[in-house]
Protein chains: 2
Amino acid sequence: MTKQTRSQSVTDQLRELVLQGTFNPGERLYEIALAERMGVSRTPVRDALNTLKIEGLLDYETQRGYGVREFGTHDIVAAYEARAALEGLACRLAAENGLTKDDLAILERCVSDGDSLLSSGKLLPENLNLYRQMNVDFHETILRASGARILADLVRQTHNIPFASNRIMVWDDYQIIHRSHDDHHRIFEAIAHQQSKRAEALMQEHVFFAGQVLKKHIEAKARIAEEPGERG
Amino acid sequence: MTKQTRSQSVTDQLRELVLQGTFNPGERLYEIALAERMGVSRTPVRDALNTLKIEGLLDYETQRGYGVREFGTHDIVAAYEARAALEGLACRLAAENGLTKDDLAILERCVSDGDSLLSSGKLLPENLNLYRQMNVDFHETILRASGARILADLVRQTHNIPFASNRIMVWDDYQIIHRSHDDHHRIFEAIAHQQSKRAEALMQEHVFFAGQVLKKHIEAKARIAEEPGERG
DNA sequence: GACTCCCCAAATGTATACATGAAGGCGAGT
DNA sequence: ACTCGCCTTCATGTATACATTTGGGGAGTC
């Protein structure tokens, strides 16, 4: 990891805090309080707040400061739908342009690495990070291969929603992970054979499905959390 | 227009300068020089540079400052394709949810205003701003009606590319404008009748077509600009 | 007792001083 | 004369002092 400035470091820390739900929705964030908490001056904190505002994680009003933006299931689903459309598009462009040998090799490696990690019939907890990294690599390689940096930028935006990050997945169902990795197989095949339309459709479904899984997961969790109160 | 801070004002000015091509691609932007030029201190300038970096207009390297990002025809086309996908999605969601009476009324108004402006068989120069505003209203209303703020955010991003703004259009061909407004008619109809799939397809084509027109326009201009040099 | 107006406190906006790092030129040594 | 390394210079990164605005609380009046 290359050296980074305090502004960048604070931005990353604060983004992580917000994405992890450390703050309550709507909670106001004070520059001075954050600066003291992080052990820096207001300057890097202001940079970070400004950045997260543009990324869409914070609300802002002139002379009134920043607040944590509220996100509902609806927003998460919309983010996944947007991501599905964008990554589908990137996938099609990549297939149309044709990949470099290097990029093709990376994708092939991702697919075979995934096969290994899943070969035992389950995903071992110690392999979770490896699988996650493989998944990120797969998607980022395709975005890069699309040749359109703006698509990568837009997709990055769609990750900036609590629960919607590509690093957060539903891991408790081997069947779902297996099916997801099966999608990777077919996407790779479609790209390699320049079946651009098929590649687009597969990627759209791949991402959309992940969104649906996450949605059900969140709703189930919310139901459980509410039950004790509903009994009274 | 509500009062805004210097940071916001400088950001808007600088964004406009970059979008209008005031700086050469790759040109470096110095904080101090900009601050003097704009008559403010480095603080608002730094805010602005940070903002435009995240919006994707500037490149940045730690301890090395900011530079104007280069955009090619390829980027512009990709931006339009992304916008087509996103606005198509928003249009479908809006049609599925159903619009409020107010939003429906706004769209209807946009359509009939456009009819008036084009009724003479051409678009008069003094009506150009009115038409442009109508067009912006139409698209923004649909984005709002989609109920997904993230879509509006993402679409805004796609405007942050030189030549790709929704405020820049190719105005010299009445036929094209007329066809574009005809799309609005049909999109309105599809939304009003909750024909969500049709609404999505129409909007996708509507935006994609605008991108194609712009692409040809840019290429034609580039050809003309190069000719004198090619003769030598 | 409630309402209004004014003043103060606190938070954000802006400027500037200071710190750090990077790049290029100049001088010394070979 | 050429190369290596240091040193100067300048631009960015960070902290802090100062300015402005907002909102609330207290005092005074009806």
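Throughout, a chain's letter reflects where its sequence line sits, starting with A, and its residues are numbered from 1.
A close approach under 4.0 Å does not occur between any side-chain nitrogen or oxygen of A:Tyr60 and OP1 or OP2 of C:dA11. Applying the 4.0 Å criterion to OP1 and OP2 of D:dA11, one finds that B:Arg28 has every side-chain N and O outside that range. Checking the phosphate oxygens (OP1, OP2) of C:dG13, no side-chain nitrogen or oxygen of A:Arg64 falls inside 4.0 Å. Listed pair A:Ser7 / D:dT14 meets the phosphate criterion, a side-chain N or O lying under 4.0 Å from OP1 or OP2. Between A:Thr43 and the phosphate of D:dT14, there is no side-chain N or O to OP1/OP2 separation shorter than 4.0 Å. For the pair B:Arg46 and C:dA15, the criterion of a side-chain N or O lying under 4.0 Å from OP1 or OP2 is not met.
Under the 3.5 Å distance criterion, with hydrogens and angles disregarded, a donor-acceptor pair is assigned to the side chains of B:Ser9 and B:Gln13. If you check the side chains of A:Arg132 and A:Asn129, you find a donor sitting under 3.5 Å from an acceptor. Of the N and O atoms on the side chains of A:Gln8 and B:Thr62, at least one donor lies less than 3.5 Å from an acceptor on the other residue.
Atom CZ in A:Arg6 sits roughly 18 Å away from atom P in C:dC18 (whole-Å rounding). In this structure, B:Ile32 atom CD1 and D:dT9 atom C1' are separated by 12 Å, rounded to whole Å. Here the P atom of nucleotide C:dT14 and the CZ atom of A:Arg42 are 11 Å apart, to the nearest Å. Taking atom CD of B:Glu61 as the reference point, atom C1' of D:dA11 lies 14 Å away to the nearest angstrom. Atoms CD (B:Glu31) and P (C:dG21) sit 16 Å apart, rounded to a whole Å. One interatomic measurement links the two molecules: CD of B:Gln8 to P of C:dT12, which rounds to 14 Å at whole-angstrom precision. If you measure from atom CD of B:Gln4 to atom C1' of D:dT20, you get 16 Å, rounded to the nearest angstrom. Note: CD (B:Gln63) to P (D:dA11) measures 13 Å, nearest angstrom.
Along DNA chain D, the nucleotide nearest to A:Pro44 and the one nearest to A:Thr62 differ in position, and the one closer to the 5' end is contacted by A:Pro44.
Residue A:Val40 has its side chain nearest to D:dA15 when only C:dG13, D:dA15, C:dA11 are considered.
As judged by a 4.0 angstrom heavy-atom cut-off over every strand, A:Leu29 is placed among residues touching the sugar-phosphate backbone only.
The main-chain N or O of A:Gly72 is found under 3.5 Å from a side-chain atom of A:Asp75 such that the two form a donor-acceptor pair.
Comment: A:Glu96 engages A:Arg92 in a salt bridge, judged by a side-chain N to carboxylate O separation of less than 4.0 angstrom.
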